[in-house]
J.: 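Sharing a structure, written as structure tokens. Questions coming.
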Protein chains: 2
Amino acid sequence: MDTEQLSKLIDRYLEASFTVNRRLSALTRDLLPDELTLDQSFALRYLRENGCTTSSELAEVFCVGKSSITAIVTRLSDKKLIERVPDEKDRRVTYLKATSEGERLTRQFDSRLEELLCQYLSHFTDDEAFGFIELYERLAAALVQARERSESEEG
Amino acid sequence: MDTEQLSKLIDRYLEASFTVNRRLSALTRDLLPDELTLDQSFALRYLRENGCTTSSELAEVFCVGKSSITAIVTRLSDKKLIERVPDEKDRRVTYLKATSEGERLTRQFDSRLEELLCQYLSHFTDDEAFGFIELYERLAAALVQARERSESEEG
DNA sequence: TCGAATAGTTTCACTATTGAACTATATAGC
DNA sequence: GCTATATAGTTCAATAGTGAAACTATTCGA
């Protein structure tokens with residue numbers, strides 16, 4: 001691919017991803033339970049899917065500083081949607097765990113979200129959908145790898 | 001596609017898009033000129049690409065309220081990166097326009113961004129990249145249409 | 001054992017966001 | 001023309017998320 005084509009492709013990507021992100025966030029926010037913000041729902045879903053997790057891990061996954069996570073976790077904890085569980089051995093670390101109410105809320109939200117996304121899936125054939133998601137996952141993997149590489153260089 | 005498959009596909013999409021968005025935003029923020037935030041750079045790019053634009057239009061495109069746009073525009077204006085140009089005929093509307101400095105900054109940023117994204121593009125064949133972007137654009141278009149449809153129902 | 005690393009919190013300043021109240025202007029119906 | 005109403009944009013107060021720096025508590029390593 002020549003530079004010209006490359007540049008156009010990237011422009012198209014930036015445009016499309018901006019549109020998709022903004023519109024989908026807006027639609028998604030409408031489905032959110034009153035108790036949750038979008039970021040809080042992401043945190044809660046991550047805890048639900050990944051079991052015991054620390055603030056540091058969340059910070060890595062969310063690509064933000066630990067103080068951001070403290071803020072989010074404190075709000076969720078105030079609302080009794082997650083618990084802080086201290087590690088027995090290493091008393092510096094505290095694990096985070098969704099409460100049953102927290103879990104209930106994310107499952108409710110997820111099912112609404114699934115319903116929403118199904119509508120848009122209908123614009124694509126099965127092959128298109130699977131092809132798309134495969135490439136998207138490869139992009140995600142490449143981005144995760146890049147991070148790991150740059151960390152091992154530092155360390 | 002049966003419900004089970006559908007549900008898994010959507011989970012995979014949510015996971016991949018979360019990862020891509022978070023990681024790419026983080027990498028992108030590192031490339032940002034000191035004068036700009038990410039959202040400000042998006043606004044400025046939109047103005048650069050779309051010529052004279054109003055706050056209302058920006059609010060639509062960004063899927064936020066007009067008061068958010070006022071805030072962003074005021075900050076950009078304080079930094080002399082955009083100008084407010086009053087409409088001669090309808091004195092309620094003011095057009096927004098990137099200053100030459102504003103334009104310079106976004107172009108600089110865009111070229112850094114292009115460099116970054118090129119690295120990740122190398123993980124894909126040309127056909128894969130074009131196929132991906134085509135589907136992504138169709139998704140974006142579907143989301144825009146959905147909005148327009150729901151607006152015409154209201155109006 | 002002492003100094004360095006690590007986990008997490010606090011605080012501060014800032015950006016983005018919403019929603020409601022508000023100003024100013026334009027427009028449509030009578 | 002006059003008056004309702006709609007529209008464009010701003011202001012204000014409240015809230016969430018964020019980074020950076022300072023801080024506490026704990027663990028680890030030389």
Side-chain angles (χ1 to χ4, degrees), chain A residues 18 21-22 25-26 28-30 32-44 46 52-79 81-97 151 154-155, chain B residues 18 21-22 25-30 32-44 46 52-79 81-96 151 154-155:
Chain A
F18 177 81
N21 287 339
R22 286 282 175 164
S25 303
T28 300
R29 270 195 303 271
D30 293 340
L32 232 31
D34 288 341
E35 296 93 330
L36 290 179
T37 66
L38 203 49
D39 286 333
Q40 287 169 12
S41 80
F42 289 149
L44 218 37
Y46 187 87
C52 271
T53 303
T54 63
S55 284
S56 301
E57 182 179 342
L58 273 189
E60 287 253 322
V61 171
F62 277 61
C63 304
V64 297
K66 288 191 288 184
S67 59
S68 295
I69 300 299
T70 297
I72 293 178
V73 163
T74 299
R75 285 179 200 117
L76 283 171
S77 174
D78 287 348
K79 287 181 281 200
L81 300 178
I82 68 175
E83 280 174 333
R84 288 175 156 104
V85 182
D87 183 316
E88 299 284 309
K89 301 191 176 163
D90 187 338
R91 290 166 58 197
R92 288 171 305 181
V93 352
T94 64
Y95 295 108
L96 304 171
K97 193 173 169 306
E151 266 168 13
E154 284 168 19
Chain B
F18 178 80
N21 285 340
R22 286 283 175 163
S25 302
L27 291 170
T28 300
R29 268 196 304 270
D30 293 340
L32 231 32
D34 288 341
E35 296 92 332
L36 289 180
T37 67
L38 204 47
D39 286 333
Q40 287 169 13
S41 79
F42 289 147
L44 218 37
Y46 187 88
C52 270
T53 303
T54 64
S55 285
S56 301
E57 181 179 344
L58 274 188
E60 286 253 321
V61 172
F62 277 61
C63 302
V64 297
K66 287 190 291 183
S67 56
S68 294
I69 301 299
T70 298
I72 293 177
V73 162
T74 300
R75 286 178 201 117
L76 283 170
S77 175
D78 287 348
K79 287 182 280 199
L81 300 178
I82 69 176
E83 279 175 334
R84 283 185 231 248
V85 183
D87 183 316
E88 299 285 309
K89 300 191 178 166
D90 188 336
R91 289 165 61 197
R92 290 171 304 180
V93 352
T94 64
Y95 295 108
L96 305 171
E151 265 167 14
E154 284 167 21

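We name chains A, B, ... by the order of the sequence lines, and we start the count at 1 in each one. All heavy atoms count here, side chains included; hydrogens, waters and symmetry mates do not.
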J.: What residues form a ring-ring contact (aromatic ring centres under 6.0 Å, His included) with A/F18, not counting sequence neighbours?
T.: B/F42, B/F62
J.: Roughly how many Å is it from CZ in A/R91 to P in C/dA5, rounded to a whole number?
T.: 23 Å
J.: Among all residues two or more places apart in sequence or in another chain, which pass the salt bridge (charged side-chain N to carboxylate O under 4.0 Å, His left out) test with A/R29?
T.: none
J.: Does C/dT11 pair with anything, Watson-Crick or G-U wobble, both distances under 3.5 Å, and if so, with which nucleotide?
T.: D/dA20
J.: Could I get the full list of side chain to side chain donor-acceptor pair (under 3.5 Å) partners for A/K97, not counting sequence neighbours?
T.: none
J.: Whole angstrom is fine here: how far is it from CZ in A/F62 over to C1' in D/dA16?
T.: 13 Å
J.: Show your working on side-chain contact (heavy atoms from CB on, under 4.5 Å) between A/Y95 and A/T53 and close with a plain yes or no.
T.: CA-CA 5 Å; A/Y95 295 108; A/T53 303; over 6 Å; no
J.: Who pairs with A/E83 by side chain to side chain donor-acceptor pair (under 3.5 Å), at least two apart in sequence or on another chain?
T.: none
J.: Return the polar atom pairs (N/O with N/O) between nucleotides 9-15 of chain D and the protein under 3.5 Å, or none.
T.:
{"unit_1": "D/dG9", "atom_1": "OP1", "unit_2": "B/T94", "atom_2": "N", "d": "3.1"}
{"unit_1": "D/dG9", "atom_1": "OP1", "unit_2": "B/T94", "atom_2": "O", "d": "3.1"}
{"unit_1": "D/dG9", "atom_1": "OP2", "unit_2": "B/S56", "atom_2": "N", "d": "3.0"}
{"unit_1": "D/dG9", "atom_1": "OP2", "unit_2": "B/S56", "atom_2": "OG", "d": "2.5"}
{"unit_1": "D/dG9", "atom_1": "N7", "unit_2": "B/K66", "atom_2": "NZ", "d": "3.0"}
{"unit_1": "D/dT10", "atom_1": "OP1", "unit_2": "B/R84", "atom_2": "NH1", "d": "2.4"}
{"unit_1": "D/dT10", "atom_1": "OP2", "unit_2": "B/T70", "atom_2": "OG1", "d": "2.9"}

J.: Whole angstrom is fine here: how far is it from CG in A/D39 over to C1' in C/dA16?
T.: 12 Å
J.: Report the residues that fulfil side chain to side chain contact (heavy atoms under 4.5 Å, CB included) with A/T94, sequence neighbours left out, ordered by chain and then residue number.
T.: none
J.: Could you give all pairs that pass the side chain to side chain donor-acceptor pair (under 3.5 Å) test and reach residues 65-78 of chain B, with sequence neighbours left out?
T.: B/T74-B/R84
J.: Glycosidic conformation of C/dA24, syn or anti, with 90° from 0 as the boundary?
T.: anti
J.: DNA chain D: A/D90 or A/Q40, which has the more 5' nearest nucleotide?
T.: A/Q40
J.: Starting from C1' on D/dC28, measure out to CG on A/D87 and report it in whole angstrom.
T.: 15 Å
J.: Set out, line by line, the N/O atom pairs under 3.5 Å between protein and nucleotides 21-23 of chain C.
T.:
none

J.: Taking only N and O in the side chain of A/T37, is any of them less than 4.0 Å away from OP1 or OP2 of D/dA16?
T.: no
J.: Starting at the 5' end of DNA chain D, which residue's closest nucleotide do you reach first, A/K79 or A/E88?
T.: A/K79
J.: Within this structure, what is the CG-to-C1' distance between A/L36 and C/dT17, rounded to whole angstrom?
T.: 17 Å
J.: In the strands shown, is D/dC12 matched to any nucleotide by a Watson-Crick or G-U wobble pair with both distances under 3.5 Å, and which?
T.: C/dG19
J.: To the nearest angstrom, how far is B/F42 atom CZ from C/dT15 atom C1'?
T.: 14 Å
J.: Find the distance B/L44:CG to C/dA16:P and express it as a whole number of Å.
T.: 12 Å
J.: Could you pull out all residues at least two apart from B/D87 that satisfy salt bridge (charged side-chain N to carboxylate O under 4.0 Å, His left out)?
T.: none
J.: Using atom CD1 of A/I72 as one end and atom P of C/dG8 as the other, report the distance to the nearest whole Å.
T.: 15 Å
J.: Which heavy atom in A/I72 sits nearest to a heavy atom in A/A43, and how many Å separate them?
T.: CG2-CB, 4.3 Å
